[in-house]
There are 2 protein chains.
Amino acid sequence: MSRVFKALADPTRRRVLEILRKGPKTAGELSAEFEVSKPTMSAHFSTLLEANLVDATKSGRTITYRLKMSVLEDALLGFAQVFGMELKTDSETSDTA
Amino acid sequence: MSRVFKALADPTRRRVLEILRKGPKTAGELSAEFEVSKPTMSAHFSTLLEANLVDATKSGRTITYRLKMSVLEDALLGFAQVFGMELKTDSETSDTA
DNA sequence: ACAACAGTTAGATGATTAGCTAAATATCAA
DNA sequence: TTGATATTTAGCTAATCATCTAACTGTTGT
């Protein structure tokens, strides 16, 4: 859980997750949205992978990253609950179907 | 907001907030709950103050720290909403009155 | 005034972090 | 095989971070 919060501490990584929210993207596509070098982005991806916030699948010469929404939810939910907040996930909200 | 996430990245600081959830405590009382030196704790308090997650009031020679619950809520809420989650605060949940 | 106490500031250290360039790995296409 | 492409690994640097001890500031009690 500490790994998740460490991962969320960096604005670039938070924005990566945000972009991934709309759907999977390759390392290259993600990198294109930031003004840092690819190796730097690669390091961010590693951090997100270690926090288990994304997963990666290699296909040919591209690697596709996907947000692991449930892990993010669980982390936020767990933390929020300690402080007496309640988290509702998207699926519980309104537009389930 | 980045300051809030940076503040939350450290486990000691998260536990300080958690302790403060039950009520205000002095710097000394808080320090007593951790195995690090007082100057180290003092630095953690500074970080939490800069993130606006706590406030401090001096009275005599003690400083009392208080959790600023609404700031924590707003940060978590803001972030969660970006990911399509909904946060309900304690006051909205059941025991409002 | 003086000693004890609560807390911080100063200054140092070792570890981690975010960033870079250059080089390596692996795939695809000719 | 050669060249281009996608991404990572290696190795470096500068900055930030968590921690420490020692010293300082301000308050209280005698």
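These values consider heavy atoms only, across backbone and side chains, with no hydrogens, waters or symmetry-generated copies. Letters A, B, ... are given to chains in the order of the sequence lines, protein chains preceding strands, and every chain is numbered from 1.
- Computed from coordinates, the Lys6(A) NZ to dA18(C) C1' distance equals 14 Å when rounded to whole Å.
- Residues Ser37(A) and Gly60(A) each lie close to DNA chain C; by heavy-atom proximity, the contact nearer the 5' end of the strand is made by Ser37(A).
- Between Ser42(B) and dG7(C), a side-chain N or O to OP1/OP2 separation shorter than 4.0 Å is absent.
- Straight-line distance from the CG atom of Asp10(B) to the C1' atom of dT16(D): 13 Å, rounded to whole Å.
- Arg21(A) contributes no side-chain N or O that, together with a main-chain N or O of Met69(A), makes up a donor-acceptor pair within less than 3.5 Å.
- Distance, Met41(B) CE to dT19(D) C1': 12 Å, rounded to whole Å.
- Taking atom CZ of Arg13(A) as the reference point, atom C1' of dT16(C) lies 11 Å away to the nearest angstrom.
- If you check dT19(D), dA6(C), dT7(D) against the side chain of Thr62(B), the one that comes closest is dA6(C).
- For the pair Gln81(A)/Leu77(A), a side-chain contact is recorded, criterion being any heavy-atom separation below 4.5 Å from C-beta on.
- The side chain of Lys38(A) lies closest to dT7(D), out of dT8(C), dT7(D), dA18(D).
- No side-chain heavy atom of Phe83(A) sits less than 4.5 Å from a side-chain heavy atom of Leu76(B).
- Candidate nucleotides dT19(D), dT9(C), dG26(D) were compared by shortest atom distance to the side chain of Lys58(B), and dG26(D) ranks first.
- Checking dT8(D), dT8(C), dT19(D) against every side-chain atom of His44(B), the shortest atom distance belongs to dT19(D).
- Atoms CZ (Phe45(A)) and C1' (dT9(D)) sit 15 Å apart, rounded to a whole Å.
- Contact annotation: Tyr65(A) reaches the phosphate of dT8(D) (side-chain N/O to OP1 or OP2, under 4.0 Å).
- Distances shown here put every side-chain N or O of Thr47(B) at or beyond 4.0 Å from the OP1 or OP2 atom of dC17(D).
- OP1 or OP2 of dC20(D) lies within a sub-4.0 Å distance of a side-chain N or O belonging to Thr40(B).
- Here dA6(C) presents its P atom at 15 Å from NZ of Lys25(B), a figure rounded to the nearest Å.
- Here the side chain of Pro39(A) is nearest to one of dT8(C), dC17(D), dA22(C), namely dA22(C).
- Distances shorter than 4.0 Å separate none of the side-chain N or O atoms of Thr26(A) from OP1 or OP2 on dA6(D).
- For Arg14(A), the CZ atom counts as densely surrounded, since its 6.0 Å shell holds more than 12 non-hydrogen atoms of other residues, nucleotides or ligands.
- Taking atom CZ on Arg3(B) and atom P on dC17(D), their separation rounds to 10 Å, with Å as the unit.
- We find that CG of Leu48(A) is positioned 12 Å from P of dT8(D), with the value rounded to whole Å.
- Taking only side-chain atoms of Arg61(A), from C-beta outward, the nucleotide of dT27(C), dG7(C), dG19(C) with the closest atom is dT27(C).
- Looking at heavy atoms from C-beta onward, Phe45(B) lies out of side-chain contact with Ile63(B) at the 4.5 angstrom threshold.
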